[in-house]
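Keep in mind the model is a prediction, meaning the values are calculated, not measured. Order of listing sets the numbers, starting from 1, for every ligand and every atom in it.
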Amino acid sequence: MCGIVGYIGNRNAQPILLQSLERLEYRGYDSCGIAVLSSTVKVYKDAGRVYQLGKALPKNNSKLGIGHSRWATHGKPSKINAHPHTDCSGRIAVVHNGVIDNFQQIKDKLTEEGHLFCSETDTEVIPHLIESYYQGDLEQAVQRALGDLRGSYALIVLAADHEELLVARNESPLVLGVGDGENFVASDVPALLDYTDRVIYMEDGDVGVITADEIRLVNCNQKVNRETNVIPWTIDDAEKGGYDHFMLKEIHEQPRVIRDTVAGYLSEIEPVIDLGLERTQFEDILLLACGTSYHACLVGRYLLEKLARIPVRVEIASEFSYSDAVLGETWVIGITQSGETADLLGALKKAKQLGCRTLAITNCFGSSATRIADQTFYIRAQPEISVAATKSFVAQLMAMYLIALSEAKMDIKSREDLTRELSVLPDKVQRILDDEEQIARHGKYLSTYDNAFYIARGINFPMALEGALKLKEISYIHAEGYPAGELKHGPFALLTPNTPVIAIVAKDDTYEAMLTNIKEIKARESPVIAVADEADEDIDKFVDEVIRVPSVDSIFSPVVNSVVLQLLPYYAARERGCSIDMPRNLAKSVTVK
Ligand code: M6R
């Protein structure tokens, strides 16, 4: 969740740390800090954003340092709880991402030994623990301290009189950037791309000593050599490119994302999909994910059951830990944009322990999910910076279409027709984006309400959940997504003229039932906005407003509808003056359970 960075080389460390931290603020942004080494360890930190900290810093010419931007887990956002944390002497500074499960026991023991703590964080025990073991060899002291820690961590240690950074990883991501006469450390690749495109992904259990000229990694006391990867995208790919927000830019990238994701797996000559996956026998599929990725799984279930006639179960990853389900010849597919969501990683590990074959569908090359799962399917969304998942969601949907179509049990012509339609989706999405103004108007209208419902049936029911999640997440308007038939079983009590209902109306076998539900809602005087097929000539008679989407085969309707359901909350949030790319209390990559 938090972002951590480190630098060692012959340049001034402070501006590099600040710039890298700004690139990582999507991971957490409630407080931040840096520590640099000159003659002593100097720590500067505060509640608030990196640019604010940067303005307040004295000039400094240190050549090594560490930095942190925080997403609070233990203790409120404040200067005292911000990282880096130090030991009693102020000679050892640590930045940490993750959660130390046994920090209270360690803290109690160290307190008895005379250590004084000032923050509420779990992290503060780490520098004190290192201090308690330090007898002149920093690496040895760090190794002994790590031996006492239970939980997840990516951490960087800086200490007085040591021209090196110590790094360690366990269940939280950490990447090393390889430079010439300088080296970098970060939670994620965007923090490094201003300086280098050569990166090494650390593995769980790796501990490293980083100097300006050398990266030395050990795992279980054995020296290890990890591969150096060259990142194929630039920092420009992760910049706003003239849009006011990353979210808007990322929504507008979706035609390209659909094209790229499909192109990776679809033959240019004939409508044939090749996923390049090693095919094994399976009887059923279990889909696992969290948040928006979970909604992609729900769409996936409809597709796989309809097209491929495969029994599919979908579980929220965090709940899978409590499941006693017996998995036989089950193919387990975990979907995660970041590849670092702790709940999903835990679920994938459990599935492997149960003997299932696993596939990770992710956007992030080299992420933890790719290392846990037997196989990986890369969606090609490129870096997604806004906390709200948009283009990665549409790419996840495309992954689901590709898998379902490649497994389809239907006549060849129908399968080929549907496969061909994948290639026209980018243009359909572009048409919605070209007519963005109509959606902006409805978004502004929604911004005046405090509550809303989203309803749909069939394959679009997950889109009702996703639309509501997006509205809550970035505009802070309370919204619930429901199967349209369920509202009358309780939520009807909440319908008033002040409760707008967004009805997603596809021209499929759900149409008549949707109209019936809309009439019931109108009888309670709630305003209804329909998201409907442009060929639907009747819908205007039943609702207050209509947002038209291009006609597609109804199985693809979630793709076009999703664009509307992203733009509506975007414009509502904008009207309400919300922090769109970094909504309060959230983080892009949820690396804690
Ligand atoms: O990286 P993941 O796809 O595993 O993330 C899962 C959720 O945290 C994520 O989809 C979250 O719900 C989004 N911020 C919603 O927009």
Side-chain angles (χ1 to χ4, degrees), residues 1 26-29 71 171-173 187-190 245-248 250-251 254 257 287-300 314-320 333-349 359-370 372-373 376-379 381-400 454 462-463 465-477 479 481 562-563 565-570 573 578-593:
M1 306 290 274
Y26 66 89
R27 298 178 66 85
Y29 34 83
W71 186 85
E171 296 189 0
S172 291
S187 305
D188 200 358
V189 172
H245 298 97
F246 279 111
M247 181 179 179
L248 192 59
E250 287 161 3
I251 291 172
Q254 291 181 115
V257 168
L287 298 172
L288 297 166
C290 308
T292 289
S293 301
Y294 170 72
H295 300 150
C297 290
L298 293 175
V299 174
V314 185
E315 287 221 31
I316 291 182
S318 58
E319 284 299 305
F320 184 57
I333 304 180
I335 306 191
T336 169
Q337 184 283 130
S338 62
E340 301 294 349
T341 300
D343 291 325
L344 192 267
L345 299 183
L348 276 179
K349 282 182 192 161
L359 174 75
I361 299 181
T362 187
N363 193 27
C364 291
F365 181 77
S367 56
S368 301
T370 67
I372 295 170
T376 301
F377 180 120
Y378 284 106
I379 55 173
Q382 295 192 353
E384 187 177 68
I385 304 298
S386 176
V387 165
T390 54
K391 62 176 179 171
S392 66
F393 175 66
V394 110
Q396 290 168 347
L397 291 184
M398 299 324 292
M400 289 284 96
Y454 283 71
M463 303 313 299
L465 296 177
E466 175 58 11
L469 175 63
K470 281 285 157 300
L471 193 68
K472 281 187 271 220
E473 187 178 20
I474 60 164
S475 73
Y476 314 147
I477 297 171
S562 71
V563 184
L565 299 172
Q566 295 160 356
L567 286 169
L568 263 184
Y570 173 80
C578 297
S579 164
I580 292 181
D581 286 332
M582 297 184 199
R584 69 181 174 217
N585 302 336
L586 299 181
K588 182 71 182 163
S589 183
V590 186
T591 56
V592 290
K593 285 194 180 165

request  = Would you please name every residue forming a ring-ring contact (aromatic ring centres under 6.0 Å, His included) with Tyr294, sequence neighbours left out?
outcome  = none
Pairwise distance SG(Cys290) to NE2(His295) - rounded to 0.5 angstrom = 10.5 Å
request  = Heavy-atom contacts with Ala388 under 4.0 Å: which atoms of ligand 1 show up? List them by number with element.
outcome  = 16 (O)
remark   = Quick note on ligand 1: atoms under 4.0 Å from a heavy atom of Lys470 include exactly 15 (C), 16 (O)
inquiry  = Let me confirm one number: the CD1-CG distance from Ile580 to Leu248, rounded to the nearest 0.5 Å.
reply    = 8.5 Å
message = Using the ring-ring contact (aromatic ring centres under 6.0 Å, His included) criterion, which residues pair with Tyr378? Sequence neighbours excluded.
response = Phe365
note = A student checking ligand 1 against Thr336 at a 4.0 Å heavy-atom cut-off should list atoms 1 (O), 2 (P), 3 (O), 4 (O)
key: Proximal ligand 1 atoms for Thr341, defined as those under 4.0 Å from one of its heavy atoms   = 1 (O), 2 (P), 4 (O), 5 (O)
task = Could you list the atoms of ligand 1 found under 4.0 angstrom from a heavy atom of Ser293?
result = 2 (P), 3 (O), 10 (O)
request  = Would you check if there is a donor-acceptor pair between the side chains of Ser368 and Glu340 at a distance under 3.5 Å?
outcome  = yes
Option of least heavy-atom distance to atom 6 (C) of ligand 1 (set: Ala296, Cys290, Gly291) = Cys290
note = For Glu473, the ligand 1 atoms with a heavy-atom partner under 4.0 Å come out as 13 (C), 14 (N), 15 (C), 16 (O)
Passing candidate, side-chain contact (heavy atoms from CB on, under 4.5 Å) with Ile474, options Pro569, Cys578, Ser386, Ser579 = Pro569
ask   = Strictly under 4.0 Å, does any heavy atom of Val387 approach an atom of ligand 1?
value = yes
query = To the nearest 0.5 Å, what is the distance between CD (Gln337) and OG (Ser589)?
reply = 8.0 Å
task = State whether a side-chain donor-acceptor pair under 3.5 Å links Gln396 with Ser293.
result = yes
query = So is Leu469 polar-close to ligand 1, meaning N/O to N/O under 3.5 Å?
reply = no
Nearest-contact summary for atom 1 (O) of ligand 1 - protein heavy atom, Å = Ser338 OG, 2.7 Å
Protein contact of atom 10 (O) of ligand 1 - nearest heavy atom, named by residue and atom, plus distance = Thr292 N, 3.1 Å
query = Got the closest protein heavy atom to atom 8 (O) of ligand 1, with its distance?
reply = Val590 CG2, 3.9 Å
